[in-house]
Number of protein chains: 2
Amino acid sequence: MGTAIGEGETRKPPGMTDVAQAAGVSPQTVSRVLSGHANVRPETRARVLAAVERLGYRKNSAARILSSGRSRTIGVVNLQTAFYSRLNLTFGIENAARAAGYSVSIASTASLDTSAVEEALSRLADQSVEGVILAIPLIHVSPRIEQLTGSLPTVTVDGSRTPASEVVAIDQSQAARLATRHLLDLGHETVWHVSGPGEWLDAVNRIDGWRETLEAEGRTVPPILKGDWSPSSGYRNGLILGRIPEVTAVFAASDEMAFGVIRALHELGRRVPQDISVIGVDDIALAEYCSPSLTTVAQPFEEMGTLAVDHLLRHINEPGAAHEPTSVEPELVVRASTAPVGAASGTH
Amino acid sequence: MGTAIGEGETRKPPGMTDVAQAAGVSPQTVSRVLSGHANVRPETRARVLAAVERLGYRKNSAARILSSGRSRTIGVVNLQTAFYSRLNLTFGIENAARAAGYSVSIASTASLDTSAVEEALSRLADQSVEGVILAIPLIHVSPRIEQLTGSLPTVTVDGSRTPASEVVAIDQSQAARLATRHLLDLGHETVWHVSGPGEWLDAVNRIDGWRETLEAEGRTVPPILKGDWSPSSGYRNGLILGRIPEVTAVFAASDEMAFGVIRALHELGRRVPQDISVIGVDDIALAEYCSPSLTTVAQPFEEMGTLAVDHLLRHINEPGAAHEPTSVEPELVVRASTAPVGAASGTH
DNA sequence: AGAACTATTGGCATCGATAACATTCTCTGC
DNA sequence: GCAGAGAATGTTATCGATGCCAATAGTTCT
């Protein structure tokens, strides 16, 4: 308005009607071509595609969703913390979904508060996702969460459960058993544990696996040191562990905490692995490249993401069918932060 | 069908019409209440809200988008690699967008291939996003990319440009200058550089900043060692650097590479920081907790995400206005991996 | 050749919300 | 007491694609 000479101007993008007109067919036929329907003469199809190309037509997903009632989108509830490991889970989900022709909508929540989680789920529901993957540990399932997940196919990937959700998980107690047994096999009398926060099912399961393994072998079960997954919590606990002479083996519930522990031990003059062996969980990219390189238990996160999508889509497409929980196995990766007890090379 | 007793059954979710009926008003009034329109009697509003609550009404965003023409969604193109740093960028974007009432749709691409990027942009365009944040380095801007971004408000956050896009960036050459000068200030004769891959503008800018600083001081500019951001590429280059006696200071273009370098030096028996100082860029969470803790240049990624969203929304809401590029400043964080030259404490 | 199909295509209603316009109602001010 | 402004609410058309059903064209079979 006013002096504008009206350059380009945002002219309305073409719709199916326009394409249909350009190709000399009905909009319906255009729709059939675009959704890959079978019964269309090759020649007609070609003509339509040409018109699509020429006009630069792009499908309007809002209209498609409204009309068809299917959004071809799945939602993921994620925790907004920079845990390396979780990232791969999301990638696995994205790739698997894309391969199946679905898109992914992510709702991150900054905390595990019931209300924050509700809000995230709510956002997803508003986007009419066809199903949800809960990639967070649900401690307390509020009525509202139950209601939201109840009306939507849901898969949880951390072992927590809501009524009517499927579970895909990494066997965390197995991860803990692998770690603990590895240290016992190296001749350590017992294994100390720096755990994750109690609200995380992963953390609890790892504690269980660790304790069971020790008990099965008749070893003393030392008191647990609590961390919060962060390097700094590992450091804090490391400063404690390093002051206890009898400690020779530590199982940290995450690689990042393991690094913190190692650093603290180092500052206290206790060598890893000669004086104390430390093992983590996750196998982050840096595990191999810090000093010493970290022995850890690798978690197949990406694979788990794929699996979760498979389950979810099956659940979406054949509602009635019940599917049993699935779990994938972690794997021990031995590097340089663990050693046989008393392996001290020189000093002391 | 068959023996089913017909439990619950998926009855159609309520729509505005249902709510309107229940509240004894017209659908239009319901719409007004829900979109916070002013002219509604408080009593009516209350009645509507009660009905919404009672029926468990949820808005249908597809219908809303179709009808209003606005999706209130912005798209982000991300690279699907587990770089710690980028994660915070996404969080910053998500939070800022949410605060402004927008949702975020993420399209990850596994590579920087033109076709992969086109595909990602295409996916976003199909979701009728109102604008796009390109969080990837665009080397080659294909005609198709130009076309896609041309018709959509776009902000790039790594310094690369498309015609008609805005730029928000961290001043990478400044980051490099900080790092290089820090090492020179410590008395090192010159600084060697392990760079990022040439397709990344960040990497190129860091190289420039590094070179400029050296030249400004009249120092020799050593040959560049090329990495790919990964710890293993740092390690590989570290094995080379460690064999060159004159090397006393290394500037790695990322923390992860820095760790790789340090590990390699360690294996070659060269001590950090006594024999060689190493500095990184990013300030990842582990930087403080590895041994030695890493001196680095911190990048305010989250802030940058917020800024990018601000720009994008302004761009969306007032099309004509041109906004100038903005850049945010990195910050030097001194820890234990750098030391004055010749600071060797004991040995050798 | 006529019936019975099948492959292809078109017409129309519809999904659920909003925009634009029309209407009713309620106060002012003179 | 009545015109006129403005608030509150209702009516109708519309967004763009798909589902369902009908119509036409082309084939096969007896």
Side-chain angles (χ1 to χ4, degrees), chain A residues 10-52 55-73 101 103 125-130, chain B residues 10-52 55-73 101 103 125-130:
Chain A
T10 14
R11 60 183 174 293
K12 201 179 55 178
M16 271 198 173
T17 323
D18 306 305
V19 176
Q21 207 152 36
V25 296
S26 76
Q28 184 55 228
T29 301
V30 176
S31 169
R32 276 190 275 253
V33 169
L34 263 38
S35 41
H37 196 86
N39 291 343
V40 181
R41 219 174 349 155
E43 175 210 318
T44 311
R45 176 188 311 274
R47 201 142 34 94
V48 170
L49 291 178
V52 164
L55 301 188
Y57 167 82
R58 325 224 75 223
K59 66 172 184 260
N60 179 321
S61 63
R64 187 204 286 268
I65 293 172
L66 178 58
S67 173
S68 71
R70 306 207 51 179
S71 65
R72 302 235 138 223
T73 298
S103 48
D126 283 345
Q127 291 173 59
S128 30
V129 296
E130 294 183 19
Chain B
T10 13
R11 60 183 172 291
K12 200 180 52 178
M16 271 198 172
T17 323
D18 305 305
V19 175
Q21 207 153 33
V25 297
S26 77
Q28 183 56 227
T29 301
V30 177
S31 169
R32 275 191 274 253
V33 170
L34 264 37
S35 42
H37 196 85
N39 291 344
V40 181
R41 219 176 348 156
E43 176 210 318
T44 312
R45 178 189 308 277
R47 202 144 34 95
V48 169
L49 291 177
V52 165
L55 300 188
Y57 167 82
R58 326 223 75 222
K59 66 170 183 266
N60 180 320
S61 63
R64 187 202 288 267
I65 294 171
L66 178 58
S67 172
S68 71
R70 305 208 50 180
S71 65
R72 301 237 139 222
T73 297
S103 50
D126 284 345
Q127 290 172 58
S128 31
V129 296
E130 295 184 19

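Below, chains carry the letters A, B, ... as their sequence lines are ordered, and counting in each starts from 1. Any value given below was found using the heavy atoms of this structure, including those in side chains, with hydrogens, waters and symmetry copies removed.
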Figure out the NE2/C1' separation between B:His37 and D:dG10, and round it to whole Å. 14 Å
For the pair A:Val30 and A:Tyr57, evaluate side-chain contact (heavy atoms from CB on, under 4.5 Å) and give the outcome as yes or no after the intermediate values. CA-CA 11 Å; A:Val30 176; A:Tyr57 167 82; 5.7 Å; no
May I ask you to decide if A:Arg64's main-chain N or O and A:Ser68's side chain share a donor-acceptor pair within less than 3.5 Å? yes
Between B:Ser35 (side chain) and B:His37 (backbone), is there a donor-acceptor pair under 3.5 Å? no
Counting only non-hydrogen atoms, which of residues 22-30 of chain B are less than 4.0 Å from DNA chain D? B:Val25, B:Ser26, B:Gln28, B:Thr29
Using side chain to side chain donor-acceptor pair (under 3.5 Å) as the criterion, point out the one residue from B:Ser103, B:Ser61, B:Ser128 that pairs with B:Thr73. B:Ser103
Grab the CZ-P distance between A:Arg45 and C:dT9 for me, whole Å please. 9 Å
Going by heavy atoms in the side chains, are A:Arg32 and A:Thr29 under 4.5 Å from each other? yes
Any side-chain heavy-atom pair of A:Gln127 and A:Ser71 under 4.5 Å: no
Set out, line by line, the N/O atom pairs under 3.5 Å between protein and nucleotides 22-25 of chain C.
none

So A:Asn39, base contact, sugar-phosphate only, or nothing? Heavy-atom distance under 4.0 Å. base
Select one nucleotide: of D:dG16, D:dT18, C:dT18, the one nearest the side-chain heavy atoms of A:Ala63. D:dG16
Is the backbone of A:Arg70 close enough, under 3.5 Å, to the side chain of A:Glu130 for a donor and an acceptor to pair up by distance? no
Protein-nucleotide distance (A:Leu55, atom CG; D:dG16, atom P), rounded to Å: 14 Å
How many Å lie between CD on A:Glu43 and C1' on C:dT8, as a whole number? 12 Å
Could you tell me the separation between the CD1 atom of A:Ile65 and the P atom of D:dG19, rounded to a whole number of Å? 13 Å
Distance, rounded to the nearest Å, where A:Leu66 contributes CG and D:dA17 contributes P: 12 Å
Would B:Leu49 and B:Val33 count as a side-chain contact (heavy atoms from CB on, under 4.5 Å) here? Give the steps. CA-CA 8 Å; B:Leu49 291 177; B:Val33 170; 3.9 Å; yes
Base, sugar-phosphate alone, or nothing: which one does A:Thr44 contact when heavy atoms must sit under 4.0 Å apart? sugar-phosphate
Within a strict 4.5 Å, meaning less than it, do heavy atoms of the B:Lys59 and B:Leu34 side chains meet? no
Taking OP1 and OP2 of C:dA7, is either one under 4.0 Å from a side-chain nitrogen or oxygen of A:Arg41? no
Of the options D:dT18, C:dT8, C:dA17, whose atoms approach the side-chain atoms of A:Ser67 most closely? D:dT18
Nearest to the A:Ser68 side chain among C:dA17, D:dG16, D:dT18, which nucleotide is it? D:dT18
Distance check needed: C:dT18 C1' versus B:Arg72 CZ, whole Å only. 14 Å
What is the distance from CD of B:Gln21 to C1' of D:dG10, rounded to the nearest Å? 15 Å
